[in-house]
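Counting starts at 1 for both ligands and their atoms, following the listed order. The analysis underlying the following values was restricted to heavy atoms, covering all of them including side chains, and did not include hydrogens, waters or symmetry mates. The chain is numbered in sequence order, starting from 1.
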Amino acid sequence: MASKEMYALGSQASVIRDLFAYGQEQAKIVGSEHVFDFSIGNPTVPAPACVKEAMEDMLDTRESVAIHGYTAAAGDAVVRQGLADYMNQTYDAGVKANNFYMTCGAAASLTITLKALVETPQDEVLLVAPFFPEYTVFIHNAGAHEVILPPDTKNFQISMEAMEQAITPHTRAVIINSPNNPAGTVYSADTYTKLAAVLNRKSKEIGHPIYLISDEPYREIIYDGLPILYVPKFYPNTVICYSYSKSLSLPGERIGYILVPDCAADAHHVYTAVCGAGRAMGFVCAPHIFQDVVLKCLGQFSDVKLYDDNRKLLYNGLKDMGYECVYPSGAFYLFVKSPEPDACAFSEKAKKLNLLIVPADSFGCPGYVRISYCVDPDMIRRSFAAFQTLIDQYK
Ligand code: PLP
């Protein structure tokens, strides 16, 4: 016998994984050059040279235990101090080594943070649609349930009215994600200012702090010279979940961190609960080699120019054909309105043309599709004929 709940979870593949697997099979039949796979968010820009150099240096100069041995459960103290120095220099964050907990990427950062914050099965965690579908899995794992704010389809920022209405005495936390997967939008300073005002007012009203969990795996993938904003400056009661999966193109290495700044409510308690949650779920001592790699690569990131070029190519190309697209300011996703109300039906029609695009229903935003453009630019160019055939079906 096994847990029914976990069995059910393990049996369901995500729509993204399904499409990706379909693409791999289809490529064997029709040839990979005839399949236009925009399903998955796997970084295609190579990791910067500092990653290889740091690894080679470590292997050449260090003893085995200093490379492969356990670190402290929360991560190596020197690495965490380096992260603190970087955040202080870059964002004037006022943090120290003991505010950081090293993790196996953003997924682990989020599961640990939620487990640390959730107290009772009545606890509610607010999600702003559209959102990364795994959030609901992580929230259920922590023993809470989600409350979903409908998408603000005008500009894909956050509807403050909806936020105000959704908060109840059971609200424990709100998860936000900017730059956003799947919408590609970036929250403005104005959005953060207004959000902070709502959360401060509501925290007072319900008599306990509402934590803001800022999921930031795309923090540095941002275009048009937009500034990167440090969220605790707007709302101090913030826990940051970070990952190097996208910013250093290291999704397979599983490395990231949780930052609980001292300005968060009961910061010491929350940080200690983060350590406890990491321990309870076996997320201790994140991969040693990659803790050291990120230390050596502080301030260096994968070159986003290729993503930026793809962004312009795809956005302009699809707009010219008549698709209604959300202007992407960050991450590497283009969010497109389905020309028919049922985005799943639209995605199925696309699939018949070997065009693999993800209906956004599971992101909490029916009627839209996500097109992941961390792909070869040649594939984007080759896909245009299929995109044209697809939209012509609606004319
Ligand atoms: N959060 C968002 C918004 C993501 O898009 C992803 C991955 O695509 C994750 C979290 C998980 O990232 P990681 O690979 O660091 O676990």
Look at the rings of F131 and Y135 and say which category their plane angle falls in: under 30° parallel, 30 to 60° tilted, over 60° perpendicular.
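Judged by the thresholds at 30° and 60°, the geometry between F131 and Y135 is parallel.
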For [X], is at least one N or O under 3.5 Å away from an N or O on ligand 1?
| X | value |
| --- | --- |
| N177 | no |
| Y135 | no |
| C104 | no |
| K246 | yes |

Considering the heavy atoms of [X], write down every atom of ligand 1 situated less than 4.0 Å from one of them.
| X | answer |
| --- | --- |
| S245 | 13 (P), 14 (O), 15 (O) |
| Y218 | 3 (C), 4 (C), 5 (O), 8 (O) |
| G105 | 15 (O), 16 (O) |

What part of A107, side chain, backbone, both or neither, has a heavy atom within less than 4.0 angstrom of ligand 1?
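Both parts.
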Honestly, for E134 the part within reach of ligand 1 (heavy atoms, under 4.0 Å) is neither
Would you say the side chains of [X] and [Y] form a donor-acceptor pair under 3.5 Å?
| X | Y | value |
| --- | --- | --- |
| S329 | T185 | no |
| S214 | Y235 | no |
| T191 | Q157 | yes |
| H140 | E146 | yes |

Identify the closest protein heavy atom to [atom]: which residue and atom is it, and at what distance?
| atom | value |
| --- | --- |
| atom 2 (C) of ligand 1 | D215 OD2, 3.4 Å |
| atom 9 (C) of ligand 1 | F132 CE2, 3.5 Å |
| atom 12 (O) of ligand 1 | A106 CB, 3.6 Å |
| atom 16 (O) of ligand 1 | R254 NH2, 2.7 Å |

Taking the six-membered ring for Trp and the full ring for Phe, Tyr or His, determine whether the centres of Y218 and F332 are under 6.0 Å apart.
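Centroid separation for Y218 and F332: below 6.0 Å.
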Pi-cation contact, Y323 with K337 (under 6.0 Å, within 45°):
no
Give the intermediate values and the outcome of side-chain contact (heavy atoms from CB on, under 4.5 Å) for residues Y327 and Y315.
CA-CA 8 Å; Y327 183 75; Y315 177 79; 3.6 Å; yes
Any heavy atom of F131 sitting closer than 4.0 Å to ligand 1?
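Not so, F131 does not reach ligand 1.
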Answer with yes or no whether G41 contacts ligand 1, where contact means a heavy atom under 4.0 Å from a ligand atom.
no
Before you tell me yes or no, could you show the steps for D37 and S39 under side-chain hydrogen bond (donor to acceptor under 3.5 Å, both in side chains), namely the whole-Å CA-CA distance, both residues' side-chain angles and the distance that decides it to 0.1 Å?
CA-CA 6 Å; D37 185 357; S39 63; 2.6 Å; yes
Please check: side-chain N/O of T90 versus main-chain N/O of M87, any donor-acceptor pairing under 3.5 Å?
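Checked: no pair found.
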